[in-house]
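Letters A, B, ... mirror the listed sequences (proteins, then strands); counts begin at 1.
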Amino acid sequence: MNKYRSHNCNELRKKDVGGIVHLSGWINKKRDHGNLLFIDLRDNYGVTQCIIDKDNSNFSKLEKIQLETVIRVKGKVLDRSDETINKDIQTGEIEVVIENFDILGSCKELPMPVFSDQEYSEEIRLKYRFLDLRRKKIHENIILRSKVISFIRSEMNKLGFLEFQTPILTSSSPEGARDFLVPSRLNPGKFYALPQAPQQFKQLIMVSGFDKYFQIAPCFRDEDARADRSPGEFYQLDLEMSFVEQENVFEVVEKLMANTFKKFSKKKLMFDEFPKISYEDALLKYGSDKPDLRNPLIINDITEIFTRDDISFEIFKKLVKSGSKVRCIVTKNTKDKPRSFFDNIDKWAKEQGASGMAYFTIVKDKEISAKGPVGKFFSKEALIEIMNKTNAKEGDSIFFACNKQKELEKITSMARDKIAKDLDLIDQNIFAFCWIIDYPMFEKDEQTNKIKFSHNPFSMPQGDINKINFDKPLDILAYQYDIVCNGIELSSGAIRNHIPELMYKLFSVAGYDKEQVDEKFSGMINALSYGAPPHGGIAPGIDRIVMLLANEKNIREVTMFPMNQNAQDLMMNAPSEVNENQLKELNLSLKLKK
RNA sequence: GGGGGUGUAGCUCAGUUGGUUAGAGCGAUCGCCUGUCACGCGAUAGGUCGAGGGUUCGAGUCCCUUCACUCCCGCCA
């Protein structure tokens with residue numbers, strides 16, 4: 001036994017009754033009966049009830065002690081009578097009668113209570129994160145995170161992957177997110193960048209012949225935060241494999257995800273084999289390349305139907321003529337839903353910046369007709385065609401919107417979520433994984449109208465590489481894939497392009513000449529010229545995996561020391577100003593915007 | 001960069017149509033209480049109503065500006 005404890009606070013059981021023990025921990029809660037005082041002593045492992053009465057000379061000192069003070073108690077383990085057993089804690093059959101105690105760490109008045117299920121403002125939680133982290137729920141989330149990471153690590157080891165560290169100070173690269181820059185003292189005027197991901201390094205590891213690599217890798221991107229996106233930094237399970245095709249990567253990741261999610265959650269997996277959905281299909285059917293497959297609603301394109309003469313919905317017909325599309329969502333058996341249900345969705349759509357959502361319900365008296373504000377614009381025959389096209393039946397309702405494709409995808413995707421939520425169609429006890437595959441290599445930049453890489457410039461284009469038609473770059477698909485779970489993008493990956501000549505060609509399509517590629521990606525392109533194996537990989541986001549497993553909607557709930565939305569660490573006061581000398585040494589001067 | 005929400009005691013919140021001295025629970029302090037486990041009871045302290053300006057006889061409440069936190073859009077190969 002060391003001087004602080006003979007047992008932890010979750011260790012004592014009936015068999016220990018009669019023993020003299022030392023416990024150390026935080027005062028979780030006091031219940032003061034005047035002549036009898038209960039103290040719940042807490043540590044990482046659990047809680048033990050300690051008790052002292054007024055006959056003990058320490059009584060009045062303990063009575064005055066602040067919650068969250070760290071104390072050591074010495075006492076005798078006592079059996080609890082049947083009526084006083086507490087089934088909610090594992091040590092509930094016993095209690096410790098305090099003989100004496102020492103204060104190991106005193107505590108000022110608390111800015112926030114630790115023993116409480118209440119919600120607190122992020123500001124106070126982040127400022128006093130060390131207190132926040134003592135609280136049960138988040139304490140357990142962080143422990144879960146640790147266990148998940150160590151499980152993943154051991155699974156990867158078992159699969160023959162080797163773990164390597166890659167540099168944190170590296171070079172800035174074009175494409176992708178904003179870099180965090182670090183000025184170099186020894187190289188005035190030059191900057192390192194923190195890696196947005198160890199992308200190039202892991203490919204170099206393959207070129208170096210290590211075959212299978214993984215790392216729980218910190219990634220840094222200077223972009224704005226979201227609930228599921230930490231500002232600044234996050235962690236990926238970065239992995240890369242040599243001599244593989246897409247399917248080989250899927251096999252590894254699918255097994256790893258299934259094992260991890262089965263081990264750490266009671267929720268069921270919707271699919272044992274993850275469905276593969278092409279990017280094009282995903283955008284049509286779900287309006288998004290990160291569909292939540294728990295949601296049964298599917299989007300249908302009914303643009304063509306609006307060219308019929310027996311539809312007199314002139315606003316949509318006019319928009320369709322000028323290139324807009326019409327897409328719809330069918331809700332099953334909603335004919336008896338109140339008017340407010342439909343109007344709310346229309347109103348909601350307007351709030352999202354769309355022109356609203358039209359709707360009608362298909363009813364049949366003698367003949368099929370459409371009930372609802374715009375129902376009168378549709379003939380019986382047109383309705384039957386819509387029903388055929390969308391699988392809608394009598395009693396179902398159809399919500400539809402008209403817009404240019406991209407905006408339409410956005411609003412129908414959000415409507416799919418909104419309607420499913422309103423109708424309570426999503427089973428919360430399921431994880432629905434899927435692969436999104438066949439991403440296009442390039443896309444058109446909306447603002448500049450230029451061709452740019454749609455995902456990763458290092459991806460391998462699909463098909464026979466000698467027959468690629470570079471004149472139609474938007475038609476080139478890549479061996480590029482995402483894994484999605486419950487509408488959250490966990491990861492993207494690709495089979496890489498390991499052929500320098502092909503790389504130059506693809507970069508030239510995106511507007512980079514050979515010199516620029518050589519300069520920006522010198523390490524990579526040079527390495528690929530000295531015998532590179534075909535290789536590919538992926539990088540699932542650790543924070544998001546833990547978030548799903550912990551059933552949390554916010555990534556800060558599974559991050560030990562997160563920054564706030566403005567990328568500030570309120571506890572450590574980062575970022576902070578630096579003194580003139582530091583700047584001078586780095587050859588920097590500040591020119592702040594007013 | 002844009003839009004929404006929130007901001008009242010240390011913490012979580014209530015505060016009506018603009019109307020007297022801004023309330024409650026938890027926490028703190030003091031007192032009572034020997035079987036609680038969210039112990040109970042009584043008392044006390046604690047407020048720049050985020051900040052600034054305006055309207056008004058009168059503003060926590062209405063208007064304008066601004067700040068902070070948060071959610072979303074943009075952004076995130």
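- Among the protein residues, A:Ser459 comes within range of no part of the nucleic acid, since none of its heavy atoms lies under 4.0 Å from any strand.
- Salt bridge status for A:Glu140 with A:Lys136: present, with a side-chain N to carboxylate O gap under 4.0 Å.
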Every protein N/O within reach of nucleotides 41-45 of chain B N/O, cut-off under 3.5 Å:
none

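- Of all the residues in residues 116-137 of chain A, A:Gln118, A:Glu119, A:Tyr120, A:Ser121, A:Glu122, A:Glu123, A:Ile124 reach under 4.0 Å from RNA chain B with at least one non-hydrogen atom.
- Legend: residues meeting side-chain hydrogen bond (donor to acceptor under 3.5 Å, both in side chains) with A:Trp26, ordered by chain and number and at least two apart, are absent.
- Remark: B:C75 base-pairs with no nucleotide in the shown strands. Criterion, Watson-Crick or G-U wobble with two distances under 3.5 Å.
- Between A:Ala227 and A:Glu223, the one whose closest nucleotide on RNA chain B sits nearer the 5' end is A:Ala227.
- Around the CG atom of A:Asp55, the shell of radius 6.0 Å holds more than 12 heavy atoms that belong to other residues, nucleotides or ligands.
- Using a 4.0 Å heavy-atom cutoff across all strands shown, A:Asn28 reaches no nucleic acid atom at all.
- The base-pairing partner of B:G19, taking Watson-Crick or G-U wobble contacts with both distances under 3.5 Å, is B:C57.
- The stretch residues 487-497 of chain A has no heavy atom under 4.0 Å from RNA chain B, so no residue of it qualifies as close.
- Partners of A:Leu548 by side chain to side chain contact (heavy atoms under 4.5 Å, CB included), not counting sequence neighbours, listed by chain and number: A:Phe261, A:Phe431, A:Cys485, A:Asn486, A:Ile488, A:Leu490.
- Note on residues 502-521 of chain A: pairs passing ring pair (Phe, Tyr, Trp, His ring centres under 6.0 Å), not counting sequence neighbours, are A:Phe453-A:Phe507, A:Phe458-A:Phe521, A:Phe507-A:Tyr512, A:Phe507-A:Phe521.
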Output a table of nitrogen or oxygen pairs between the protein and nucleotides 35-37 of chain B separated by less than 3.5 Å.
unit_1: B:G35; atom_1: N1; unit_2: A:Glu95; atom_2: OE2; d: 2.8
unit_1: B:G35; atom_1: N2; unit_2: A:Glu95; atom_2: OE1; d: 2.7
unit_1: B:G35; atom_1: N2; unit_2: A:Glu95; atom_2: OE2; d: 3.0
unit_1: B:U36; atom_1: O4'; unit_2: A:His33; atom_2: NE2; d: 3.3
unit_1: B:U36; atom_1: O2'; unit_2: A:Arg31; atom_2: NE; d: 3.4
unit_1: B:U36; atom_1: O2; unit_2: A:Arg31; atom_2: NE; d: 2.6
unit_1: B:U36; atom_1: O2; unit_2: A:Arg31; atom_2: NH2; d: 3.2
unit_1: B:U36; atom_1: O2; unit_2: A:Gln49; atom_2: OE1; d: 3.4
unit_1: B:U36; atom_1: N3; unit_2: A:Gln49; atom_2: OE1; d: 2.9
unit_1: B:U36; atom_1: N3; unit_2: A:Gln49; atom_2: NE2; d: 3.1
unit_1: B:U36; atom_1: O4; unit_2: A:Gln49; atom_2: NE2; d: 2.9
unit_1: B:U36; atom_1: O4; unit_2: A:Arg80; atom_2: NH1; d: 3.2
unit_1: B:C37; atom_1: O4'; unit_2: A:Arg31; atom_2: NE; d: 3.0
unit_1: B:C37; atom_1: O2; unit_2: A:Gln49; atom_2: OE1; d: 3.4
unit_1: B:C37; atom_1: O2; unit_2: A:Asn86; atom_2: ND2; d: 2.9
unit_1: B:C37; atom_1: N3; unit_2: A:Arg80; atom_2: NH1; d: 3.0
unit_1: B:C37; atom_1: N4; unit_2: A:Thr84; atom_2: O; d: 2.5

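- A donor and an acceptor atom, one from each side chain of A:Asn141 and A:Glu557, are nowhere located under 3.5 Å apart.
- Within a 6.0 Å sphere centred on CZ of A:Phe442, heavy atoms belonging to other residues, nucleotides or ligands number more than 12.
- Under the side chain to side chain contact (heavy atoms under 4.5 Å, CB included) criterion, A:Asp40 pairs with A:Asn28, A:Lys29, A:Arg31, A:Val47, A:Gln49, sequence neighbours left out.
- Base pairing analysis places B:C69 opposite B:G5; the two distances defining the Watson-Crick or G-U wobble pair are each below 3.5 Å.
- Sorted by first then second residue, the ring pair (Phe, Tyr, Trp, His ring centres under 6.0 Å) pairs that include residues 36-89 of chain A, not counting sequence neighbours, are A:His33-A:Phe38.
- Residue side chain A:Arg221 does not reach the base of B:C76 through any donor-acceptor N/O pair under 3.5 Å, judged by distance alone.
- Relative to the side chain of A:Lys410, the nucleotides B:C76, B:A38, B:C73 differ in distance, and B:C73 lies closest.
- Residue pairs meeting the side chain to side chain donor-acceptor pair (under 3.5 Å) criterion with at least one partner in residues 220-231 of chain A, sequence neighbours excluded, are A:Arg178-A:Glu223.
- Using the Watson-Crick or G-U wobble rule with both distances under 3.5 Å, B:C49 pairs with nothing in any strand shown.
- The side-chain contact (heavy atoms from CB on, under 4.5 Å) test with A:Val77 is passed by exactly one of A:Leu23, A:Ile94, A:Thr91: A:Ile94.
- For A:Glu63, whose side chain is taken as the heavy atoms from C-beta onward, the closest listed nucleotide among B:C73, B:U70, B:C33 is B:C33.
- Using a 4.0 Å cut-off between charged side-chain N and carboxylate O, A:Lys137 and A:Glu552 make a salt bridge.
- Listed by chain and residue number, A:Glu122, A:Arg129, A:Arg556, A:Pro562, A:Asn564, A:Leu570 satisfy the side chain to side chain contact (heavy atoms under 4.5 Å, CB included) test with A:Leu126 (two or more places apart in sequence, or in another chain).
- For the OP1/OP2 pair of B:C69 and a distance below 4.0 Å, the side-chain nitrogens and oxygens of A:Gln568 include at least one atom meeting the criterion.
- Under the Watson-Crick or G-U wobble criterion, with both distances below 3.5 Å, B:C37 is left unpaired in every strand shown.
- Taking A:Ser491 as the reference, A:Ile483, A:Ile538, A:Pro540 meet the side chain to side chain contact (heavy atoms under 4.5 Å, CB included) condition, with sequence neighbours excluded.
- With B:C69, B:U70, B:C11 as the choices, the nucleotide that has an atom nearest any side-chain atom of A:Pro113 turns out to be B:C11.
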